[in-house]
Amino acid sequence: MGPRTSESASKEVKTASGGRYGGQGVARQRSCSDGSNYSRRGLHNNSSSSPVLYNPKSVLKRPVSTEELQTPGGPYIKKTFTIMGDAVGWGFVVRGNRPCHIQAVEPSGPAAAAGMKVCQFVVAVNGLNVLDLDYRTVSNLILTGPKTVVMEVMEEMDH
């Protein structure tokens, strides 16, 4: 069964589940518990091959407050995604602080199949409002919760 979609003017709900490798037949990179990806960086002496954490610059163009996200009639639309994790995870990285945002989405992962995109702001995880939490707390809620996660996000409307 493929992804189910239902849309309305103010809310979009999508459901997706990933297979062993996100349904694309390509192995995905393992993430750290806080959503960071491991990568190997060359050292001058090449004596160490241990993984080094790499945290990219924020994908956000400007800071956004929780008040701005909650302003009625504002430029944001609410979307809800139900994402079933696979053997590797859910396929997205959360970053930021009050509010958190989606920093990265694995193209072949369950989150991408559900329609999740970078720069969306995380409003709720499994029904719990997380607007005033930091990304480590939000990541922990996701990692310690059920395999299927319901994410409510706010996305800037296209102009």
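This is a predicted model, so every value here is computed, not measured.
The shortest non-hydrogen separation linking Pro107 to Ala112 is O-CB, 3.5 Å. Residues Gly89 and Pro110 approach most closely at O-CG, 3.9 Å, considering heavy atoms. Taking both residues in full, the closest heavy atoms of Ser65 and Pro99 are given as C-CD, 4.2 Å, listed atom of the first, atom of the second, then distance.
Residues Lys78 and Glu152 are paired through a salt bridge, judged by an N-O separation under 4.0 Å between the basic side chain and the carboxylate.
Under the 4.5 Å side-chain heavy-atom criterion for Ile, Leu, Val, Met, Phe, Trp and Tyr, Leu141 and Phe92 are members of the same hydrophobic cluster. In the hydrophobic clustering of ILVMFWY residues, with side-chain heavy atoms under 4.5 Å counting as a link, Val59 and Val64 come out apart. Hydrophobic cluster membership differs between Ile102 and Tyr76, with clusters built from Ile, Leu, Val, Met, Phe, Trp and Tyr side chains linked at under 4.5 angstrom. Note: the hydrophobic cluster containing Phe81 also contains Tyr135 (ILVMFWY, side chain heavy atoms under 4.5 Å, direct or indirect links).
Using a 4.5 Å heavy-atom threshold, the side chains of Ile142 and Val138 count as touching. Taking the side chain as every heavy atom from C-beta outward, Lys147 and Asp86 never approach each other to under 4.5 Å. Met151 is not listed as a side-chain neighbour of Thr80, based on a closest heavy-atom distance of 4.5 Å or more.
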Show me the donor-acceptor pairs, under 3.5 Å and distance only, between side chains in residues 113-129 and residues at least two apart or in other chains.
{"residue": "Gln120", "atom": "OE1", "partner": "Lys117", "partner atom": "N", "Å": "2.9"}
{"residue": "Gln120", "atom": "NE2", "partner": "Glu155", "partner atom": "OE1", "Å": "2.5"}
{"residue": "Asn126", "atom": "OD1", "partner": "Val150", "partner atom": "N", "Å": "2.8"}
{"residue": "Asn129", "atom": "OD1", "partner": "Leu131", "partner atom": "N", "Å": "2.9"}

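A search for side chain to side chain donor-acceptor pair (under 3.5 Å) contacts involving Asp132 returns nothing, not counting sequence neighbours.
Within the 3.5 Å criterion, the main-chain N or O of Thr148 finds no donor-acceptor partner in the side chain of Trp90. Side-chain N or O atoms of Thr137 include none that pairs as donor or acceptor with a backbone N or O of Leu133 at under 3.5 Å. Here the side chain of His101 pairs no donor or acceptor atom with the backbone of Val94 at under 3.5 angstrom. At distances below 3.5 Å, not a single donor-acceptor pair connects side-chain atoms of Thr71 with backbone N or O atoms of Gly74.
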Pair Glu156, Lys61 - check salt bridge (charged side-chain N to carboxylate O under 4.0 Å, His left out), show working. CA-CA 12 Å; Glu156 194 163 16; Lys61 295 175 185 165; over 6 Å; no
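A distance of 11.0 Å separates CD in Gln103 from NZ in Lys57, rounded to the nearest 0.5 Å.
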